[in-house]
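Chain A is the first sequence line, chain B the second, and so forth, proteins listed ahead of strands; every chain is numbered from 1. The analysis underlying the following values was restricted to heavy atoms, covering all of them including side chains, and did not include hydrogens, waters or symmetry mates.
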2 protein chains.
Amino acid sequence: MPNGMYGRRRCCEAADGTQRQVGRGRWALVEPLVLAGLASSSRHGYELAQTIEEMTGGLLGVDLGGLYRTLRRLEAEGLVVSEWEQADAGPQRRRYSITADGVAVLQHWREHLAASRDLFARAVDAIDAAVAGVCGADRQDGRSS
Amino acid sequence: MPNGMYGRRRCCEAADGTQRQVGRGRWALVEPLVLAGLASSSRHGYELAQTIEEMTGGLLGVDLGGLYRTLRRLEAEGLVVSEWEQADAGPQRRRYSITADGVAVLQHWREHLAASRDLFARAVDAIDAAVAGVCGADRQDGRSS
DNA sequence: TCAGGTATATGACTACATCACATAGATGAA
DNA sequence: TTCATCTATGTGATGTAGTCATATACCTGA
């Protein structure tokens, strides 16, 4: 289990070892999607942004500035490696590849994201139940009973 | 549509009016769950924390400090109202109720959370597909092809 | 008396993302 | 030839949400 293995707390890891609280980096989608995009093939950043959009069915647009920052952080942590492409034409491009450590972290992220998906599903259901109760009640003054 | 109606950007509202980027408050679970908890009944903060845990099937533990801050912010925005309970015994308790504006925002949150749930589901599927490709490949050196 | 549960609250901090902006090469149109 | 646009990488300032530590105070029971 990669908890604590890569220099900082990641996704589900809380200070007391529990995994019940969220936030503080536990919602991150860009990091796991970067790793997933690089798991299928090495890519440069700009291409990776398009890959992520495709992976999410166009639901998620990635900020390029944040993406490049994430890539350099992941490289500092050893989860990806990069090299400048030698090209005779076009702007300089840095090509990123995932490492074995990156794959391990990605698989850990996968479990966390599935848990997040379930958590959001439960939240939606809870709201549906609560709003159904409100709509069934008799209220005109903008306050619940 | 409550976009921009309540003094600040909320969930899916981006600067350019698009809804494709996430983060910056767009993952929030505590705010909608607070509103959902108050939609079914007026409660005080401590009780609300337990309600939220129950609503999420124990998956989400709420930080009380953050919860009280959220409640006072929502009150400043007019989405909830509160009053001190007059009790002859026990610690002082502030009882919160949701307003009509709060219900409107909650219903907006519901759609956003459903979209987030779908987005996380897509991310999980994308990771599964990417990792399957990696595991099928022939690698020993810790780098993908 | 003292631990532990109930109840509210503030301060310092972190993670993640947004937005604006800078740089630079390539391409194609007016 | 200038100008817009796309490709490509990057920095700086800012904001939101949540974490963690800590403080106060009341109450119950051992």
Side-chain angles (χ1 to χ4, degrees), chain A residues 7-34 43-50 52 60-75 77 82-85 87-96 109 116, chain B residues 7-34 43-50 52 60-75 77 82-85 87-96 109 116:
Chain A
R8 57 167 201 155
R9 280 180 296 191
R10 189 165 251 116
C11 47
C12 56
E13 190 179 6
D16 60 356
T18 65
Q19 305 195 354
R20 296 190 49 251
Q21 291 197 320
V22 290
R24 206 213 205 139
R26 293 169 173 75
W27 287 151
L29 260 182
V30 172
E31 174 174 320
L33 288 173
V34 161
R43 304 177 198 274
H44 53 270
Y46 195 88
E47 182 188 3
L48 189 52
Q50 298 170 321
I52 288 174
L60 183 66
V62 184
D63 176 73
L64 281 166
L67 178 64
Y68 289 118
R69 252 191 283 255
T70 298
L71 281 167
R72 271 173 291 121
R73 177 173 56 74
L74 291 177
E75 182 161 32
E77 293 172 338
S82 75
E83 54 192 359
W84 284 105
E85 264 183 1
D88 39 335
Q92 280 197 308
R93 297 199 294 186
R94 189 188 282 275
R95 179 164 291 270
Y96 289 89
W109 267 118
S116 296
Chain B
R8 57 168 201 156
R9 280 180 296 191
R10 189 165 251 114
C11 48
C12 55
E13 192 179 4
D16 60 355
T18 65
Q19 305 195 355
R20 296 189 51 249
Q21 292 197 320
V22 290
R24 203 209 208 146
R26 293 168 174 74
W27 287 151
L29 260 183
V30 172
E31 173 173 321
L33 288 173
V34 161
R43 303 177 198 276
H44 53 270
Y46 196 87
E47 182 188 3
L48 189 52
Q50 299 171 322
I52 289 175
L60 183 65
V62 184
D63 177 72
L64 282 168
L67 177 64
Y68 288 118
R69 253 192 282 255
T70 298
L71 281 168
R72 269 173 291 122
R73 177 172 58 73
L74 292 177
E75 182 161 30
E77 293 171 338
S82 76
E83 54 191 358
W84 285 104
E85 263 182 0
D88 39 335
Q92 279 197 310
R93 296 198 294 186
R94 188 187 282 274
R95 178 165 291 270
Y96 288 89
W109 266 119
S116 297

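Proximity note for A:Asp63 (side chain, C-beta onward) versus C:dC19, D:dT9, C:dT8: the nearest is C:dC19. Considering only the side chain of A:Ala28, C:dA17 comes nearest among D:dG18, C:dC19, C:dA17.
The side-chain heavy atoms of A:Tyr46 and A:Arg94, taken from C-beta on, include no pair separated by under 4.5 Å.
For B:Tyr68, a side-chain nitrogen or oxygen approaches OP1 or OP2 of C:dT8 to under 4.0 Å.
Per the geometry, CG belonging to A:Leu33 stands 13 Å off P belonging to C:dC16, to the nearest Å. Going from atom CD of A:Gln92 over to atom P of C:dA26 covers 11 Å, rounded to whole Å. Per the geometry, CD belonging to A:Glu85 stands 17 Å off P belonging to C:dG25, to the nearest Å. For the pair A:Leu74 CG and D:dT9 C1', the computed distance is 16 Å after rounding to whole Å. In this structure, CG of B:Leu67 is placed 19 Å from P of D:dT16, rounded to the nearest angstrom. Between A:Glu83 atom CD and D:dT9 atom C1' the separation is 17 Å, expressed in whole Å. Summarising the geometry, the separation between CD on A:Glu31 and C1' on C:dC16 is reported as 10 Å, rounded to the nearest angstrom. With rounding to whole Å, B:Leu71 atom CG is found 12 Å from D:dG18 atom P.
Screening B:Val62, B:Ile52, B:Leu67 for a side chain to side chain contact (heavy atoms under 4.5 Å, CB included) involving B:Leu33 leaves a single residue, B:Ile52.
The residue B:Arg69 sits close to a base: some heavy atom pair falls under 4.0 Å. Across all strands, B:Gly45 comes closer than 4.0 Å only to sugar-phosphate atoms, never to a base (heavy-atom distances).
B:Asp63 and B:Gly66 get closest at one heavy-atom pair: OD2-N, 2.9 Å. Scanning all heavy atoms of the two residues, the minimum distance from B:Gly45 to B:Tyr68 falls at CA-CE2, 3.7 Å.
A search for side chain to side chain contact (heavy atoms under 4.5 Å, CB included) contacts involving B:Arg93 returns B:His44, B:Glu85, not counting sequence neighbours.
Put simply, CG on B:Leu71 and CD on B:Glu31 are 10.5 Å apart, with the number rounded to the nearest 0.5 Å.
Residues B:Gly65 and A:Arg94 each lie close to DNA chain D; by heavy-atom proximity, the contact nearer the 5' end of the strand is made by A:Arg94. Residue B:Arg72 is the one, among B:Arg72 and A:Thr70, whose nearest nucleotide of DNA chain C lies closer to the 5' end (criterion: closest heavy atom).
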At a cut-off of 3.5 Å, list every protein nitrogen or oxygen paired with a nitrogen or oxygen from nucleotides 4-6 of chain C, distance to 0.1 Å.
{"residue": "C:dT6", "atom": "OP2", "partner": "B:Tyr46", "partner atom": "OH", "Å": "3.2"}

